[in-house]
Engineer: 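First the structure, which I've put down as structure tokens, then a few questions once you've had a look.
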Amino acid sequence: GAVVSQHPSWVICKSGTSVKIECRSLDFQATTMFWYRQFPKQSLMLMATSNEGSKATYEQGVEKDKFLINHASLTLSTLTVTSAHPEDSSFYICNGEDRVFGYTFGSGTRLTVV
Amino acid sequence: GENVEQHPSTLSVQEGDSAVIKCTYSDSASNYFPWYKQELGKRPQLIIDIRSNVGEKKDQRIAVTLNKTAKHFSLHITETQPEDSAVYFCAASIKNSGGSNYKLTFGKGTLLTVNP
């Protein structure tokens, strides 16, 4: 089946620094990549939707200049959290979509900003 | 946009009993309804899904029912086991005829605890 490889699985960074999260689709081409954020004991909240080669579409309330999404190829999408603050600490997870396999989640990234 | 409501938020059952989780959705255009199981710190795992042209689907101990008119769908787990304990999420999206999926909108989740 389809696999989305997400790295890193966890990261601790200092406040004010930037962190990049990568999602690679293996054995399939993710035409669309959805990025979710999940706070403890809460649901998955969609942050943005990206399609290969075009700008991401952000959900209301999500700062596009803070959460930079790049989907340069059909197999790689990245999310960069810029100038991270403690309130950005969360579980970030990507979800790749293609016409054959449907939705495939990455393994998630636990971000802790100290 | 789509709004998905999920109930209950917590559910505790005895091993061997059945568990039912219910969701409602708002967008009548939604036609794809997956259910996910998520263990702590891990990715959601698809356990079953249903399309709007089907009223019920079953896979061993798990079943999902869909009422398009009422815009609600339910997850049924029979003969529950302790390893069924996890958070369960329902979701809704639009799957068009070309195969492309729209974004998944999730319910708030149900923490299921199966007591031995």
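When reading the values below, keep in mind they use all heavy atoms of this one structure, side chains included, and skip hydrogens, waters and symmetry mates. Chain letters run A, B, ... following the sequence lines, proteins first, then strands; residues in each count from 1.
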Engineer: Between B:P44, B:S9, B:G41, who has the most heavy-atom pairs with chain A when the cutoff is under 4.5 Å?
Structural biologist: B:P44
Engineer: Using non-hydrogen atoms only, which part of A:E59 is less than 4.5 Å away from chain B: side chain, backbone, both, or neither?
Structural biologist: side chain
Engineer: Just by distance, do the side chain of A:R24 and the backbone of A:L76 share a donor-acceptor pair under 3.5 Å?
Structural biologist: no
Engineer: What part of B:Q38 gets within 4.5 angstrom of chain A, counting heavy atoms only: side chain, backbone, both, or neither?
Structural biologist: side chain
Engineer: I'd like to know if the side chain of A:K66 reaches the main chain of A:S83, judged simply by a donor and an acceptor atom lying under 3.5 Å from each other, with no hydrogens or angles considered.
Structural biologist: yes
Engineer: Given a strict heavy-atom distance threshold of 4.5 Å, which part of A:I93 is in contact with chain B: side chain, backbone, both, or neither?
Structural biologist: side chain
Engineer: Under 4.5 Å heavy-atom distance to chain B, tell me which part of A:Q6 shows up: side chain, backbone, both or neither.
Structural biologist: neither
Engineer: More than 12 heavy atoms of other residues, nucleotides or ligands under 6.0 Å from CD of B:E83: is that the case?
Structural biologist: yes
Engineer: Tell me whether the centres of the aromatic rings in A:F91 and A:F39 are closer together than 6.0 Å.
Structural biologist: no
Engineer: Can you tell me which portion of B:F106 sits under 4.5 Å from chain A's heavy atoms? Options are side chain, backbone, both or neither.
Structural biologist: both
Engineer: Quick one: are the ring centres of A:W35 and A:F67 less than 6.0 Å apart?
Structural biologist: no
Engineer: How about B:F73 and B:F33: are their ring centres within less than 6.0 Å of each other?
Structural biologist: yes
Engineer: Heavy-atom pairs under 4.5 Å with chain A - which of B:V87, B:L104, B:D49 has more of them than the others?
Structural biologist: B:L104
